[in-house]
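Let me begin by presenting the structure, written as structure tokens, before commenting on it.
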Amino acid sequence: MELWLVRHGQTDWNRKHLLQGWVDTPLNQRGERQARALAGSLRGRRFAGVWSSDLSRAVETARLAYGEPTQSTALRELDFGDLQGLSWEGISQDDRDQMIAFDGFAAPGGESHSQMRERVLVFLDSLGEGAHLVFSHGGVIRMLRRLCGDDRFPDSCELIRLDWTNRRALRID
């Protein structure tokens with residue numbers, strides 16, 4: 001199975017460096033342009049499934065870049081709980097350090113990275129063979145990349161291809 005992953009386009013909260021989590025923030029004009037620009041890279045490609053988080057920033061990115069996705073709450077960003085809406089500078093240094101380290105972080109009033117990983121992996125286990133196009137969020141994509149030996153955080157509308165069966169990154173042809 002292959003995963004073609006796309007982080008949603010920019011929102012005003014991204015621009016302001018605010019933690020969005022499960023807050024349903026829309027794309028801004030730049031995010032809409034990013035999604036439309038991605039359409040050229042996806043034109044003519046066929047996928048076994050096209051999926052997105054149910055949050056509007058991911059759904060709208062999918063619609064503008066490719067077409068109507070099947071939505072799933074399992075593909076949502078980490079639930080940042082009490083930290084949602086705060087800026088990076090507005091959270092404690094301990095929380096920042098744990099978020100950067102990734103594993104072991106648990107958002108106060110939200111969920112842990114391990115809980116997010118579990119819900120996403122259960123979803124992926126339900127998919128059939130073939131290439132699947134998935135529109136999601138930075139934390140989800142970073143977690144999946146880490147499982148394939150790559151720890152980079154994705155840019156808005158970055159297209160990432162993973163050989164999920166063998167847990168390795170692939171080039172986009």
Quiz item: Partners of S92 by side-chain hydrogen bond (donor to acceptor under 3.5 Å, both in side chains), sequence neighbours excluded?
Solution: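 So S92 forms a side-chain hydrogen bond (donor to acceptor under 3.5 Å, both in side chains) with D95.
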Practice problem: Quick one: list whatever passes side-chain hydrogen bond (donor to acceptor under 3.5 Å, both in side chains) with T11, sequence neighbours left out. | Solution: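 So T11 forms a side-chain hydrogen bond (donor to acceptor under 3.5 Å, both in side chains) with N14, Q20.
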Residues which pass salt bridge (charged side-chain N to carboxylate O under 4.0 Å, His left out) with [X], listed by chain and number, not counting sequence neighbours:
{"X": "D12", "result": "R15"}
{"X": "D103", "result": "R117, R146"}
{"X": "R36", "result": "none"}
{"X": "E68", "result": "R63"}

Quiz prompt | Partner residues of F123 under the ring pair (Phe, Tyr, Trp, His ring centres under 6.0 Å) criterion, sequence neighbours left out | solution = W51
What pairs with [X] under side-chain contact (heavy atoms from CB on, under 4.5 Å), at least two apart in sequence or on another chain?
{"X": "A131", "value": "E2, W4, F47"}
{"X": "Q93", "value": "R96, D97"}
{"X": "E118", "value": "V122"}
{"X": "Q84", "value": "W22, V23, D79, F80"}

Quiz prompt | Chi angles and distances behind the side chain to side chain contact (heavy atoms under 4.5 Å, CB included) call for L5, F135 | solution = CA-CA 6 Å; L5 305 171; F135 294 85; over 6 Å; no
Do any side-chain atoms of residues 37-46 form donor-acceptor pairs under 3.5 angstrom with protein atoms, and if so which ones, sequence neighbours left out?
residue	atom	partner	partner atom	Å
R45	NE	S41	O	3.1
R45	NH2	D173	O	2.3

Exercise. State which residue, out of H137, Q34, E77, E60, fulfils the side-chain contact (heavy atoms from CB on, under 4.5 Å) condition with H8.
Key: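 Result: among H137, Q34, E77, E60, H137 is the only option passing the side-chain contact (heavy atoms from CB on, under 4.5 Å) with H8.
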